[in-house]
Every structure is written in structure tokens, then in C-alpha cells.
A.B. asks: 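Before we start, here is the structure in question, set down as C-alpha cells.
Below, chain A is the first sequence line, B the second, and so on; all start at residue 1.
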There are 2 protein chains.
Amino acid sequence: MPKPPGTAGYGRRMQSRSPAPRATGRPRSTTADTAILAATREALVELGWSKLTLGDVAARAGVAKTTLYRRWAGKNELVVDAVAALFDELRLPDRGSLAADIEGVVLQFAAILARPEAKSGLMAVIAESTRDEALRERIRTSIVARQKRLVLEGRTRAQSRGELPPEQDPKTAAHTADLIFDVVAGAVVHRTLVSAEPADETWAMAFTKLLLEGLKETPR
Amino acid sequence: MPKPPGTAGYGRRMQSRSPAPRATGRPRSTTADTAILAATREALVELGWSKLTLGDVAARAGVAKTTLYRRWAGKNELVVDAVAALFDELRLPDRGSLAADIEGVVLQFAAILARPEAKSGLMAVIAESTRDEALRERIRTSIVARQKRLVLEGRTRAQSRGELPPEQDPKTAAHTADLIFDVVAGAVVHRTLVSAEPADETWAMAFTKLLLEGLKETPR
DNA sequence: GCAGTTACGCTACGACTCGTATCGAAAGCC
DNA sequence: GGCTTTCGATACGAGTCGTAGCGTAACTGC
């Protein structure tokens, strides 16, 4: 009996990998998937990461505990998928200028991180991922990559507007994109979780100004 | 029997609060304190946060499990103190310019976060602190405040050098200091833990340039 | 419609961890 | 020497873990 035929909800996003979703036998209940992930988020809000137990999640979702273990290897993987669903709503409408786009990205990150299930879940799995390469890769593809796409998209727009210089060397361009992403995402996360203060519009404006103009006074 | 007479090693740093360290009775073994904290860091490296148990730490430190529970309320508080000790080495030598000072701070943060015990421990307790106000305050005073002091010190130096404008309104000055701190610390944390790439000298230089000059090309 | 295959709910299980209680012994003050 | 507090050791009930076993449900192909 193979453990991960599609690795549950996560598999749906990259079904290009799995050779065949299996044609025979009773199919896995997709409603159970969504119920389990919703129950996981609910438990994260009420109990937090450390006190969350798989037995409790199963009871909330109305499924047997064994069903959970058939689909997910453990708590870490389950919470990653549950939290990843929160990032589905990430969009980047064109707001006309680089500054406005940065503010938009920041506020969207902040809105997700303001949720208690994201706060207690995301950082915990990131902490666990320092000792688990597979988990880190799972987080990267299902969460970080989607955040990063927004940053890259905003950058392309700014270049087409002429607000940013076009890419010179594609290698250094990738490095600066990584840098900007770490700065944007890191700042929002640190503000929200460590400083524990809201990353509201006022803060987003100040951050954008700093990111665009820098710390030095720009000589006129 | 009162639980925290000094709250262990952490209490030593702010003994101004505790009214009297108690003059009577057998004093708590200070060697046990350091042994326990060292054992905690060792266990963090070998087991990581989630698999770390207080019983295991007690065995490593050569003390009884009950001794641990007499001094710390639980795993969270213990790990905070164990990780906080890593930040004792934070210093900010004057390197002559704002850019060099920023690089110095970044590289010091990075050096600490490169350690496995900091990686797996720090983020985990921060995740837990989202549901525990007392724990958040403990983290703030014993870890975050010391980081922040470096940023503030670097700023004061830059002002005395004339590289940064002096404080206009003390209130907005505090806000921008908070902002800069979140950007610096957040970027290093995100680079190290989420992107999982080293925040080395090359990266520190690129980050410093971005923070100083901003994203826009400065019009000469 | 029947055989084959897989998922499901349910129950039960040993192993482990938790946090506490209890006890006698040890270490420091008056 | 008396008082107070900590220490090590052991034991304990409660809770969680991850797995196994079993009968049933769902879906496919002949």
C-alpha cells in the first residue's frame, strides 16, 4: 500500500508530476481533504501549533485518524498544506506605479499574516524545515514561490513603465530579485510576528518610501 | 513554595526587578543553570525543537527533571533563555561609515542565525509567542531589544558623522527606527531561514547598498 | 452483475512524554 | 543546632503518538 498517491491537496497543484492518479479502487474523498485542511486551520487558531494534535484535527473534520495518516506524513506536512491554502488569494492588480504596487504586495502579505492561523502555523513549520530538507522544499513550492511571483511580476511591470532599468545580466538580475524578495517578505514577517505590530497602510507607505529612496537623503 | 525566585539565568540580567534574591535556604546551583542551557542548545542541534523533551535535557545536563520544572515554566521559556545566550556576543565596533556599520550588524546577525541551535529554536519560540503574551515579552527583552540596540547605536553614530539627518520629531524618529530594524532583522532572518541561503559578505554588501540608496536609481 | 482494488471508519495497542507529588539528603543562613 | 530551600530519585495518571487489524463502502473493468 503506497503512502502518497497524490499527497493530498498539495498534489493537485502539480499533477504534472504524478504519472497516473490511479484509475482503480475507491477514490479518495476530496470533501474530506477540504474538511481536514479547514479543521487544521481552525485548530491552529484555537490551540496553536504546539498543542495541535492530529487526533483532534480528525475529530473536528469528522474523519478517522487513520485517514489523516494515509494522506500526510505528519503534522508538519499537514500544516504546510493548510496554511498554503491561505496564499491562494494572492493577486497583484496593476496600480499604475511601482510605489503603489509595492504597497499592494506588502498589504496583501500583511493581511494573510494578520490571521492567527498563519501566524502560529507558518513560523512553526519554517522552524521545523531547518532540519527537514523535504519539508523546506514543500514550503518553497507551495508558499514561497507564490509570494515571489508577485514580486517578480511587479518588477517586470516597473521595467516596462521605465521606473526600473531593464535586466542587464540575467544572473545578477536574479540575485537582486532574491534580495528584494527577502527584504519585502522579511520585513513584513518581522513587523507582524516579532515586533507584533500591525503592518497597516501607514507602515506600508513608510516601508515603500524607504525601499524606493533608501536611507540616505537623495540629493536633489 | 514560590515557583520563580529569579526565573533562572534570565533573571540575572534584570535583577533590578526581583525585590530580594532570598538570603535563606540552600541557594540554587548556578552551575546547573549553565549546564541546563548548554544541554538545551545541544539538544536543539541534535533533535530540533519539536523532538526536544525536557527529560532529555535534564539527562544531558546531569540534573533531575524536577530541577528543570522548578526554574522554568516549560519548554518555551527554557529555549528562549538558551537561545538568548547566543546573542550575548553582539557588539558593534565603529567601522567608520554607516555602510560599513550596517554590514557589520548584518553579518553579526547572520553569524548567529547560521548556527543550527538558533535556527531551530528562535523561530519556534517566536511562533509560540503569537499565542502567549508573556513569552513574547520575554523574547523582546532578552533577544530583540539587544538586536535593536545595535541598530539604534549605528544610527546615532551616522548622525554624528553627518551621514543621516538629526532627529526632527522624536516620535517619528522612533517609528523610522522601528521600521529600519524590521527591515534589517527581517531580511537576514528571511534570507537565512526561508530562502535557506547564507547571508554572506556578498549578500550583506548588496543589502547595504539597497538599504542606503534604494531601489530607484539615484539621479546624480 | 461480479470480481478486484482501494479508501474509509472504528477500535485497540505499546511506547513515549508530560507535569506533578513525594521523599530523604544536602547546602547555606541565623 | 535549627530553619529554610534546593537537589536527586522515583513513581504516577493522563494524554499523545503512529500503526495494525477488521469489516464496510465506493469505484473500475470484465
A.B. asks: Would you say A:Val144 and A:Phe181 make side-chain contact, with heavy atoms under 4.5 Å?
C.D. replies: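 Sidechains of A:Phe181 and A:Val144: in contact.
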A.B. asks: Check B:Glu153 with B:Lys148, please: is the shortest side-chain N to carboxylate O separation under 4.0 Å?
C.D. replies: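 Judged by the 4.0 Å cut-off on N to carboxylate O distance, B:Lys148 and B:Glu153 do not form a salt bridge.
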A.B. asks: Take B:Asp132 and B:Arg138, measure what salt bridge (charged side-chain N to carboxylate O under 4.0 Å, His left out) needs, and give me the verdict at the end.
C.D. replies: CA-CA 10 Å; B:Asp132 187 339; B:Arg138 195 189 189 100; over 6 Å; no
A.B. asks: Whether A:Lys75 engages the ring of A:Trp49 as a cation-pi pair (distance to the six-membered ring centre under 6.0 angstrom, angle to the ring normal within 45°) should be assessed.
C.D. replies: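 Cation-pi check for A:Lys75 and A:Trp49: passes.
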A.B. asks: Specify the separation, in whole Å, of atom CZ of B:Arg70 and atom C1' of C:dG19.
C.D. replies: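 Rounded to whole Å, this separation is 13 Å.
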A.B. asks: Can you figure out which of C:dC18, D:dG18, D:dC7 approaches the side chain of A:Leu54 most closely?
C.D. replies: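 Taking heavy atoms from C-beta onward, the closest nucleotide is D:dG18.
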A.B. asks: Send over the distance from B:Leu52 CG to C:dC18 C1', rounded to a whole Å.
C.D. replies: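 Spelled out: CG on B:Leu52 to C1' on C:dC18 is 13 Å.
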A.B. asks: In this structure, how many angstroms lie between the P atom of D:dT6 and the CH2 atom of B:Trp72, rounded?
C.D. replies: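 Distance check: B:Trp72 CH2 to D:dT6 P gives 14 Å.
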A.B. asks: When you measure from the side chain of B:Thr156 to the backbone N and O of B:Leu152, does any donor-acceptor pair fall under 3.5 Å?
C.D. replies: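 Present.
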A.B. asks: Taking all non-hydrogen atoms of both residues into account, name the closest pair between A:Val188 and A:Leu113 and its distance.
C.D. replies: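 Taking every non-hydrogen atom into account, CG1-CD1, 4.0 Å.
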A.B. asks: Check every atom of D:dC7, D:dG8, C:dC18 against the side chain of B:Lys65 and return the nucleotide holding the closest atom.
C.D. replies: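 Closest nucleotide among those given: C:dC18.
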A.B. asks: In this structure, how many angstroms lie between the C1' atom of C:dA7 and the CG atom of A:Asp33, rounded?
C.D. replies: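 In whole Å, C:dA7 C1' and A:Asp33 CG are 12 Å from each other.
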A.B. asks: Which listed nucleotide (C:dC8, D:dT19, C:dC18) is nearest to the side chain of A:Thr66?
C.D. replies: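 The answer is D:dT19, which lies nearest to the side chain.
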A.B. asks: Indicate whether OP1 or OP2 belonging to D:dG8 is found under 4.0 Å from a side-chain N or O atom of B:Thr67.
C.D. replies: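 Yes, within the criterion.
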A.B. asks: Rounded off to whole Å, could you give me the OH-to-P distance for the B:Tyr69 and C:dT22 pair?
C.D. replies: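 That distance rounds to 18 Å.
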A.B. asks: To the nearest angstrom, how far is B:Ile36 atom CD1 from D:dT6 atom C1'?
C.D. replies: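 After rounding, the reported distance stands at 12 Å.
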A.B. asks: Distance-only, no hydrogens or angles: does the A:Arg41 side chain make a donor-acceptor pair with backbone N or O of A:Ala82 under 3.5 Å?
C.D. replies: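 Pair found, side chain donor or acceptor close to backbone of A:Ala82.
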A.B. asks: Atom CZ of B:Arg71 to atom P of D:dT6: distance rounded to whole Å?
C.D. replies: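 The distance from CZ of B:Arg71 to P of D:dT6 comes to 9 Å, rounded to the nearest Å.
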A.B. asks: Can you build the contact string for nucleotides 23-30 of chain D? Use B for base contact, S for sugar-phosphate-only contact, and - for no protein heavy atom under 4.0 Å.
C.D. replies: --BBSS--
A.B. asks: Whole Å only: how far is the NZ atom of A:Lys75 from the C1' atom of C:dT17?
C.D. replies: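 In whole Å, C:dT17 C1' and A:Lys75 NZ are 13 Å from each other.
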